[in-house]
Amino acid sequence: MDRKEFADRLLKTEHDFEYYENLYPERDLDDKVIVTRYAPSPTGFVHLGALYAAFIARKMAKQTNGVFFLRIEDTDQKRSIEDGVNKIITDLANFDITFDEGVTLDGDKGNYGPYTQSERGDIYKAFAKKLIAEDKAYPCFCSQESLQEDRERQEKHKERIGYYGYYARCRNLSMEEALEKIENGEKYIIRLKSKGNFNHRFKFKDEIKGKMELPENDQDIVIIKSDGLPTYHFAHAVDDHLMRTTHVIRGDEWLSSIPVHVQLFEYLGFKVPKYAHISPITIEDNGTKRKLSKRKDPEAAISYYHEKGIPNKAVMLYLETVANSNFEMWMNQNKDKDVDEFVLDFKKMPVGGSLFDHDKLMNISKNYISTLKASEVYDMTLDWALVYDKDFASLLEKYKEYSTAIFNIEREQKKPRKDIGYFGDVKNQIWYMYDELFDPKEYEWQKVTDKKEIRNILDVYLNKYYNETDDKNTWFDNMKKAAVELGYAGEMREYKENPDNFKGSIADFSTVVRVSLTSKSNTPDLYEIMRLLGKERMMERVKAVI
RNA sequence: GGCCUGUUGGUCAAGUGGUUAAGAUGCCACCCUCUCAAGGUGGAGUCACGAGUUCAAUUCUCGUACAGGCUACCA
């Protein structure tokens, strides 16, 4: 019996590997063009780190007019959830992560599919057969129990753990012995027959991490599991070869699998792609850094940002600064340019992990929101409120013009207000502008607290000096006049020079008006607020104070 | 345990065999100002440690410590 026959007995396939090699020809692309992918398990959950990796991969491909495709890695059924793929696609689309090729909401797109691993069983088996025929792979009949025993023994003797050398028992089975076991109904998997030597090192260059030396792989790793599906390692090699991936961009937890992956590509006769291993986004936990964890850290889920009302765009800008820290500087120097013009560089990506910086995200978000038009802020706040604060949403809908005008205070100008960091905070900032919400528990009186004095200020100012039709300068001049009439300094300078000559300053005076109308000592421009409230509502609020 | 990777202000980081070691963010102060938010100016704060190479080391080499990742028929 020759090994080819042996391989046929072990794995049944419709086609052989040559068929598939021909089916997926090399892409006719320039050398510098990047073909890459995002390859999640269909868990339906998009981790911030995954979004980060997907963003980098997409941008790197786009920059070279390359190809970015989506492949679903569902070889482990335990990780799949219903509708998980669609969730991932729509979640990513919300962050402008779209694909040129691969799995879509309406099935596969592109000539290198299927793009879902569970639909590629025949392909993996065809290539596994090739390895078996070339004596580079073999069936293994070891039980989970005996593997476990080996591991315990290895641990006890302080040996390296794994299926290699002496412990790789099934690698020495003859074809006849193997077939006999199969006829007896013994279960088997397929393992790689590694000729690597752990004491030999080979040089490897990662696009991000740079040059390094790694030991050769000497483990007979599993390539086909007992369910007939490939392991990640084997599927990676076969898929990224047949899909003609030029750059494998993924998290750096894979870095230590490089010896296995390089070996797999070589044994299969494939050209090894370039690798870019992205360092993780970490978080501080009890004084140590660790990767953002889906279970422990709410920030790990992209839904977190949605809930808070942090714009997706701001999250992306933040991720881009993490990816290439010079991006921020570039943005400040090129305010008129589209951020897509910035060129990402593997070499500038962080090599260690980056701590998730909430302050920085907020700052970026605040700056981003400040560049939006009032109507955009209105739309985005409403979108948020529709999901997370229905009452507020109905107010926004009821008073659309009015609300937009509120958002327009000190906006749409050279140096716009920067007070909104996330839409979840908007209500806290402007609630007092809505009569339905205006029900102050306390007034934040500052210097002037005497009720009589307050009453006097309001009476004189509103009845004698306030005109609804005044422009801003006149309005302020009139307020100053009222202040002076009642013994307050009209100019801050005057007051600072001789504080004893006055009851207070124009600031103290205006604060009385501000607090009376809003209950808050800190608000945006008082003139705008008074204009928006209108005299009638102002008088009503004043009545409540007096 | 083994293998890999990393360590520059609180955080994100640029950078170099000789620099006053960028910048951002955060913090503090002051200025501006009707209060905020901004904006402006200034300030505090850093090359993990120990050897070696060198006239000179944050930078190169080795070691130590610490941190992270991997070490599955999971990805």
Side-chain angles (χ1 to χ4, degrees), chain A residues 39-41 43 73-76 78-79 117 140 142 144 147-148 151 154-155 157-163 187-191 198 204 206 209-210 212-215 219 221-227 229-233 235-236 250-259 277 279-280 282 284 287-291 318 321-322 325-326 328-329 332 348 350-364 366-367 370 409-410 414-421 429 444 446 476 479-480 483 492 505-515 518 520-527:
Chain A
S41 294
T43 58
E73 309 217 324
D74 60 347
T75 54
D76 180 14
K78 290 188 291 289
R79 290 168 78 106
Q117 289 181 336
C140 168
C142 293
Q144 297 279 6
L147 292 175
Q148 183 57 32
R151 252 197 295 275
Q154 287 163 340
E155 225 161 286
H157 293 267
K158 296 197 193 300
E159 291 175 295
R160 269 167 47 239
I161 291 169
Y163 202 83
K187 293 266 183 255
Y188 60 95
I189 54 168
I190 308 296
R191 283 185 185 272
F198 187 74
F204 173 76
D206 184 83
K209 312 247 176 196
M212 61 188 81
E213 281 195 14
L214 300 165
Q219 305 258 348
I221 57 136
V222 178
I223 59 174
I224 302 286
K225 301 183 285 180
S226 55
D227 60 7
L229 289 171
T231 55
Y232 171 85
H233 307 297
H236 154 53
R250 70 227 305 184
D252 73 358
E253 67 271 21
W254 292 111
L255 196 57
S256 38
S257 302
I258 280 294
H277 287 98
S279 55
T282 59
E284 198 169 306
T288 70
K289 283 184 185 178
R290 43 151 251 261
K291 267 169 81 168
Y318 172 66
T321 33
V322 175
S325 66
N326 56 319
E328 217 179 346
M329 226 181 291
N332 287 332
K348 290 189 168 140
V351 189
S354 309
L355 208 69
F356 178 76
D357 190 341
H358 199 271
D359 286 334
K360 191 100 177 186
L361 206 210
M362 261 351 256
N363 178 267
I364 288 172
K366 205 188 258 188
N367 277 301
S370 79
I409 295 174
E410 296 166 275
K414 286 122 257 134
K415 288 183 178 174
R417 256 192 109 64
K418 295 185 182 175
D419 50 356
I420 302 174
Q429 294 189 27
E444 298 174 350
Q446 300 296 303
F476 197 45
M479 180 177 269
K480 284 180 186 168
M492 287 306 285
S505 68
I506 180 68
D508 300 316
F509 187 90
S510 71
T511 295
V512 170
V513 179
R514 185 188 310 277
V515 176
T518 66
K520 307 277 295 172
S521 57
N522 297 335
T523 76
D525 189 71
L526 185 54
Y527 171 73

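Throughout, a chain's letter reflects where its sequence line sits, starting with A, and its residues are numbered from 1. What you see below is based on every heavy atom in this structure, not just the backbone, and it leaves out hydrogens, waters and symmetry mates.
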Under 4.5 Å between any side-chain heavy atoms of [X] and [Y], yes or no?
X	Y	answer
A:K520	A:V515	no
A:L361	A:F356	yes
A:K209	A:S279	yes
A:V513	A:L526	yes
A:Q117	A:P230	no

For [N], which nucleotide is its Watson-Crick or G-U wobble mate, given both distances must be under 3.5 Å?
N	result
B:C30	B:G40
B:U16	none
B:U58	none
B:C70	B:G2
B:U64	B:A48

Write down the distance between [atom1] ([X]) and [atom2] ([N]), rounded to a whole number of angstrom.
X	N	atom1	atom2	value
A:M362	B:A37	CE	P	15 Å
A:L526	B:A37	CG	P	16 Å
A:I420	B:A37	CD1	P	15 Å
A:E444	B:C36	CD	P	12 Å
A:E159	B:G2	CD	P	13 Å
A:N326	B:G23	CG	P	16 Å
A:M479	B:U33	CE	P	17 Å
A:N522	B:C36	CG	P	6 Å

Does [X] reach a base, just sugar-phosphate, or nothing at all? Heavy atoms under 4.0 Å.
X	answer
A:N363	sugar-phosphate
A:D419	sugar-phosphate
A:F476	base
A:M492	sugar-phosphate
A:S325	sugar-phosphate

- Task: State, without any angle test, whether A:R79 and A:T43 hold a side-chain donor-acceptor pair at a distance under 3.5 Å.
- Result: no
- Task: State whether a side-chain donor-acceptor pair under 3.5 Å links A:R151 with A:Q148.
- Result: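 Present: a donor and an acceptor within the cut-off.
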With a 3.5 Å cut-off and heavy atoms only, can you find an N or O donor on one side and an acceptor on the other between the side chain of [X] and the base of [N]?
X	N	answer
A:R160	B:C3	no
A:K360	B:A24	yes
A:D525	B:C34	yes

- Closest to the A:K209 side chain: B:C36, B:C34, B:U5?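 Looking only at heavy atoms from C-beta outward on A:K209, the closest nucleotide is B:U5.
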- Message: From C-beta outward on A:D359, which listed nucleotide comes closest to its side chain: B:A13, B:U25, B:C4?
- Response: B:U25
- Is there a side chain to side chain contact (heavy atoms under 4.5 Å, CB included) between A:I189 and A:I224 once you walk through the steps? CA-CA 6 Å; A:I189 54 168; A:I224 302 286; over 6 Å; no
- Query: Is a salt bridge present between A:E410 and A:K418, judged by a nitrogen-to-oxygen distance below 4.0 Å?
  - Reply: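 A salt bridge is absent here (no side-chain N lies under 4.0 Å from a carboxylate O).
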- Query: After noting the C-alpha distance and the side-chain angles of A:T231 and A:K225, does the key distance pass the side chain to side chain contact (heavy atoms under 4.5 Å, CB included) rule?
  - Reply: CA-CA 7 Å; A:T231 55; A:K225 301 183 285 180; 3.8 Å; yes
Identify the pairs formed between an N or O of the protein and an N or O of nucleotides 38-41 of chain B at a distance under 3.5 Å, and give each distance.
residue, atom, partner, partner atom, Å
B:A38, OP1, A:K366, NZ, 3.1
B:G39, OP1, A:K418, NZ, 3.3
B:G39, O2', A:K415, NZ, 3.1

Taking atom [atom1] in both [N] and [M], what distance in whole Å separates the two?
N	M	atom1	answer
B:G45	B:G23	C1'	15 Å
B:G69	B:A56	C1'	37 Å
B:G18	B:G10	C1'	30 Å
B:C47	B:A57	P	16 Å

- Scanning both residues in full, the closest heavy-atom pair of A:G353 with A:T282 reads CA-CG2, 4.2 Å
- Assign each of A:P350 and A:E213 to its nearest nucleotide of RNA chain B by heavy atoms, then name whichever residue's nucleotide is nearer the 5' end.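 Comparing both residues, the 5'-ward one is A:E213.
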- Task: Using a 4.0 Å heavy-atom cut-off, write out nucleotides 67-75 of chain B from 5' to 3' as B (base contacted by protein), S (sugar-phosphate only) or - (no contact).
- Result: SSBSSSBBB
